[in-house]
Amino acid sequence: MVMNPNALGLDLQPGAVRVRPSFWYANEPAQPQTWAQLQRARQATGMHPVLLSDGPGRTPAWDRDLSPEVSSDPDDHDAETVLAELWEFVRSDEDAYGEGRYGDRPGLAPARPFETDPDTAAARVAATLLDPALSPHFPAPRAGLVPAARSADIPYALGWTGPSNHAETDALCAVLRSWEDRFGIRVVGLSFDCLELSVAAPPRTLPDALAVAAEHHAFCPDNVWQGSGTLDAYAKELVGGDRWSFWWD
């Protein structure tokens with residue numbers, strides 16, 4: 001059973017433990033100091049911090065749209081295999097590949113040395129998610145603490161269904177684990193259909209960014225199809241960026 005961090009004397013907002021899925025959820029929207037408090041709570045509880053938003057114009061989603069009973073396990077999946085299978089699904093849209101650059105499936109982008117501590121990068125991205133001017137699609141997020149084995153497993157532990165029209169969450173969490181190892185990502189924010197990641201080792205050159213962009217396109221094709229328009233244009237947006245945002249229609 002998940003412990004209630006409020007009972008440990010931690011400096012957290014009032015909140016309660018949900019039973020299925022099991023996680024702690026604040027009663028009120030997060031404040032500027034909330035993420036630092038959640039980081040300290042992680043050290044005391046072993047649970048991982050995340051900001052949870054219902055998304056614009058939606059009724060509260062966290063009791064209604066979580067389905068932990070339908071998830072398998074990220075351990076059952078290999079990140080490269082998952083991306084290869086998803087790539088075959090999306091490659092029919094040739095306009096996304098920028099001069100046919102990725103007509104054939106690329107391998108995994110190489111790991112990069114972390115430029116900053118992943119938790120420091122997560123704090124920076126959390127601050128942007130708490131600023132309505134910088135994240136209008138992520139209104140009034142609340143603090144959450146999730147009993148996951150690692151940050152990449154947060155969506156799986158919650159039974160999050162945001163990408164269900166494209167891929168199963170457990171398979172995508174295998175990719176998130178790989179990104180955590182290679183690029184120092186942290187799962188910082190979740191809404192009904194959006195995923196927000198911080199990045200400690202973003203690509204610094206366009207060739208590196210193109211390799212990462214190919215993985216992103218397989219992972220979440222709407223970022224290109226309904227966003228940048230081409231993989232080349234999307235890759236340019238990734239160079240040096242410490243925040244990766246995904247949205248599934």
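Heavy atoms only: backbone and side chains are in, while hydrogens, waters and symmetry mates are out.
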Participant: Is a side-chain N or O of Ser151 found less than 3.5 angstrom from the main chain of Val187, in a donor-acceptor match?
Facilitator: yes

Participant: Measure from the ring center of Trp160 to the ring center of Phe246 and say whether it is less than 6.0 Å.
Facilitator: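 Between Trp160 and Phe246, the centre distance exceeds or equals 6.0 Å.
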
Participant: Where do Ala109 and Phe183 come nearest, in terms of heavy atoms and distance?
Facilitator: CB-CZ, 4.0 Å

Participant: Can Asn223 and Trp247 be counted as having a side-chain donor-acceptor contact under 3.5 angstrom?
Facilitator: no

Participant: Examine distances only and state if a side-chain atom of Ser245 and a backbone atom of Glu196 form a donor-acceptor pair shorter than 3.5 Å.
Facilitator: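 Side chain of Ser245 to backbone of Glu196, a donor-acceptor pair under 3.5 Å: no, none is there.
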
Participant: Test Arg186 against Asp117 for salt bridge (Lys or Arg N to Asp or Glu O under 4.0 Å), laying out the working first.
Facilitator: CA-CA 11 Å; Arg186 294 288 186 266; Asp117 176 73; over 6 Å; no

Participant: If two hydrophobic side chains count as joined below 4.5 Å and joins carry through other members, does Tyr25 share a cluster with Leu158?
Facilitator: yes

Participant: Kindly compute the distance separating CD1 (Ile185) from CG (Leu197), expressed to the nearest 0.5 Å.
Facilitator: 5.0 Å

Participant: How far does CD of Glu180 sit from OG of Ser198, to the nearest 0.5 angstrom?
Facilitator: 9.5 Å

Participant: Trp24 vs Asn4, test: side-chain contact (heavy atoms from CB on, under 4.5 Å). Steps then yes/no.
Facilitator: CA-CA 7 Å; Trp24 176 86; Asn4 189 334; 3.6 Å; yes

Participant: Give a yes-or-no answer on whether the side chains of Trp179 and Glu215 include a donor-acceptor pair shorter than 3.5 Å.
Facilitator: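 Glu215 and Trp179 do have a side-chain donor-acceptor pair below 3.5 Å.
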
Participant: Can you tell me how far CG of Leu51 sits from CH2 of Trp35, rounded to the nearest 0.5 angstrom?
Facilitator: 5.0 Å

Participant: Between Pro139 and Pro132, is there a side-chain heavy-atom distance shorter than 4.5 Å?
Facilitator: no

Participant: Suppose we call two aromatic rings close when their centres sit under 6.0 Å apart. Are Tyr234 and His217 close by that rule?
Facilitator: no

Participant: Please tell me if the side chains of Gln39 and Thr120 come closer than 4.5 Å, counting only heavy atoms from C-beta onward.
Facilitator: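 Side-chain contact under 4.5 Å: no.
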
Participant: How about Glu28: does its CD atom have over 12 heavy atoms from other parts shown lying under 6.0 Å from it?
Facilitator: no

Participant: Is it the case that one hydrophobic cluster holds both Leu8 and Leu38, taking links as side-chain heavy atoms less than 4.5 Å apart, direct or via other members?
Facilitator: yes

Participant: If you take the centroid of each ring, where Trp contributes its six-membered ring, are Phe219 and Trp248 closer together than 6.0 Å?
Facilitator: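 Yes; Phe219 has its ring centre under 6.0 Å from that of Trp248.
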
Participant: Would you give the length of the straight line joining atom CG of Leu176 to atom CG of Asp181, rounded to the nearest 0.5 angstrom?
Facilitator: 11.0 Å

Participant: About how many Å separate CZ of Arg42 and CD of Gln37, when rounded to the nearest 0.5 Å?
Facilitator: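 Answer rounded to 0.5 Å: 15.0 Å.
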
Participant: Are a donor atom and an acceptor atom from the side chains of Arg243 and Ser135 found within less than 3.5 Å of each other?
Facilitator: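 Looking only at side-chain atoms, Ser135 and Arg243 do form a donor-acceptor pair, the distance falling under 3.5 Å.
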
Participant: Looking at side-chain heavy atoms only, is the closest gap between Leu172 and Leu195 below 4.5 Å?
Facilitator: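 No, too far: nothing below the 4.5 Å cut-off.
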
Participant: Search all heavy atoms of Thr128 against all heavy atoms of Val125 and return the closest pair with its distance.
Facilitator: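 Shortest heavy-atom separation between Thr128 and Val125 comes out as OG1-O, 2.6 Å.
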
Participant: With a 3.5 Å distance limit and no angle check, can you tell me whether Arg182 reaches the backbone of Pro110 through a side-chain donor-acceptor pair?
Facilitator: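 No, the answer is negative, given that no donor and acceptor are paired below the 3.5 Å cut-off.
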
Participant: What are the two closest non-hydrogen atoms of Val146 and Val50, and how far apart are they?
Facilitator: CG2-CG1, 3.9 Å

Participant: For residues Ala121 and Thr116, report the shortest heavy-atom separation together with the two atoms involved.
Facilitator: CB-CG2, 3.9 Å

Participant: Would a distance-only check, ignoring hydrogens and angles, find a side-chain to backbone donor-acceptor pair under 3.5 Å from Gln13 to Ala26?
Facilitator: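 Such a contact is absent between Gln13 side chain and Ala26 backbone.
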
Participant: Could you report the tightest heavy-atom contact between Leu238 and Pro203, atom names first, then the distance?
Facilitator: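 The answer is O-CG, 3.7 Å.
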
Participant: I need the Asp78 CG to Asp76 CG distance, nearest 0.5 Å.
Facilitator: 11.5 Å

Participant: Which pair of heavy atoms, one from Ile154 and one from Ala148, lies closest together, and at what distance?
Facilitator: N-CB, 4.1 Å

Participant: Are Asp170 and Asp73 side-chain neighbours, meaning at least one heavy-atom pair lies under 4.5 Å?
Facilitator: no

Participant: If you apply the rule side-chain contact (heavy atoms from CB on, under 4.5 Å), what do you find for Glu168 with His77, and how did you get there?
Facilitator: CA-CA 11 Å; Glu168 296 301 321; His77 303 278; over 6 Å; no

Participant: Tell me whether Val239 is reachable from Trp244 by hopping between hydrophobic residues (I, L, V, M, F, W, Y) whose side-chain heavy atoms are closer than 4.5 Å.
Facilitator: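 No, it is not one cluster - the side chains of Trp244 and Val239 are not joined through contacts under 4.5 Å.
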
Participant: Given 3.5 Å as the limit, does a donor-acceptor pair link the side chain of Gln31 with the main chain of Pro29, or not?
Facilitator: yes

Participant: Between Leu86 and His166, is a side-chain contact (heavy atoms from CB on, under 4.5 Å) present by the stated rule, with each step listed?
Facilitator: CA-CA 9 Å; Leu86 293 175; His166 175 61; 3.8 Å; yes

